[in-house]
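Order of the sequence lines sets the chain letters (A, B, ...), proteins ahead of strands, with each chain counted from 1.
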Amino acid sequence: MSATTSTGASTEVQLSEPRIARFLFTDKRSAPLWLALRVWIGVQWFAAGMEKAFPGLLEGDLQMKNSWLNNGGASLKAYWQGSLAVAPGAKGAKITYDWYWDFLNMLVSGQHYTWFSWFIALGETAVGLGLIFGCLTAIAAFFGTLMNFSFMLAGSTSTNPALFAITIFIVLGWKTAGFWGLDYYVLPLLGTPWERGKVTGGKKNYSTPSPVA
Amino acid sequence: MSTLTSSKPSILNQTVSGGLGVLGGLWLVVSPFILYDGYKDKAAKEAADTATTAGIVLGIVAILLAVFCIVTENRVDMFKYRMIAGVSMVVMGVYMFLAPELSDFASFKDPTYNLQFTGAAFILIAGFVTQEIYYKSKR
């Protein structure tokens, strides 16, 4: 943001973040808060994913015949067809946007539910584990929001809006959300695309973020 | 928030947080008999029994850890063990989120929400206080 003074000189104004934003998204002392949020969201994703991929495993009664990995995508096909039953704009339509209706229609017509069901089942489980253990937390959270967003566009509300809203904050807090988790080790090792880590050829003394003064 | 920037250690944090830990532990022990006693359905009763057992065990452990932190708060030589107790309470809080799924009573809302809310309280209170004490000890 720049302006010009009466003498013609230009000035630059730097807007700083509010203290609460700095505390949440930059200060590692916010780690306990992120741990609680992360584990709560992660358990829900993990349970949902396990129920799709390995139904009954957590209850000690594995039923692979009902698994999304084993039924040729039948469950996902049924879900998509339910969403596609009424075209956008008509009474009772689950999908609002034409482009998303066309997208799901293309997936059903091309029988992509066969591999997509693996993607969703294993993806939900991986998102859950990533959030619980705090490993690549923001990436796991991003894919979680992507799935929430997709399910909402397909007409499912359920817990999707709440999970989406909270997980967005986890994405924004990528530097600190996994600090009390495996990201404490993983982030310095991998670094970022704009600042490489120890393993990817970065500075030797790369360290985790320090509390902001 | 001023205690986070104060140069003097805040004993109030440890006393209050220890007291809250004791209250949290007592709640875990007592709450099953308040919230989910009297289920008639067999599956619900089994789930409630599992959650009750988990609550009582976790509650007793939480009370012991919290009392230990309160009793030893002025003992510098016990600092390391107070850190371990604080971290243990955070880990217990994480376990409370996982317990409904691992012990197969997640479909029953009362015990699940009770454990998860109490677990969140343990993570936040024990986490922030333990962290504060740790960073102060580093200065």
(message) Taking side chain as everything from C-beta outward and backbone as N, CA, C, O, which of these in L37(A) sits under 4.5 Å from a heavy atom of chain B? Side chain, backbone, both or neither.
(response) neither
(message) Tell me whether F79(B) at atom CZ has more than 12 heavy atoms from other residues, nucleotides or ligands lying less than 6.0 Å away.
(response) yes
(message) Tell me whether F151(A) at atom CZ has more than 12 heavy atoms from other residues, nucleotides or ligands lying less than 6.0 Å away.
(response) yes
(message) Please find the pair of heavy atoms, one from P32(A) and one from G127(B), that lie closest to each other, and give the distance.
(response) CG-C, 3.7 Å
(message) Return the CH2 to CD1 distance between W180(A) and I123(B), rounded to the nearest 0.5 Å.
(response) 9.5 Å
(request) Supply the atom-to-atom distance S103(B) OG to E59(A) CD, rounded to the nearest 0.5 angstrom. (result) 11.5 Å
(request) With rounding to the nearest 0.5 Å, note down the distance linking CG in L98(B) to CG in L58(A). (result) 10.5 Å
(request) Please check if atom CZ in F164(A) has more than 12 non-hydrogen atoms from other residues, nucleotides or ligands closer than 6.0 Å. (result) yes
(message) Taking atom CZ as the centre, does F169(A) end up with more than 12 heavy-atom neighbours from other residues, nucleotides or ligands that are less than 6.0 angstrom away?
(response) no
(request) Check the surroundings of atom NZ in K77(A): do more than 12 heavy atoms from other residues, nucleotides or ligands lie under 6.0 Å from it? (result) no
(request) Evaluate the side-chain proximity of Y135(B) to R29(A): yes if any heavy-atom separation is below 4.5 Å, no if none is. (result) yes
(request) Could you tell me which non-hydrogen atom of Q131(B) sits nearest to which non-hydrogen atom of K28(A), and how far apart they are? (result) OE1-O, 3.5 Å
(message) Contact between I132(A) and F97(B) at the side-chain level, heavy atoms closer than 4.5 Å - yes or no?
(response) no
(request) Tell me, for Q116(B) versus chain A, whether the close heavy atoms (under 4.5 Å) come from the side chain, the backbone, both or neither. (result) side chain
(message) Quick check on W118(A): does its CH2 atom have over 12 non-hydrogen neighbours (other residues, nucleotides or ligands) under 6.0 Å away?
(response) no
(request) Could you tell me which non-hydrogen atom of L124(B) sits nearest to which non-hydrogen atom of A36(A), and how far apart they are? (result) CD2-CB, 4.4 Å
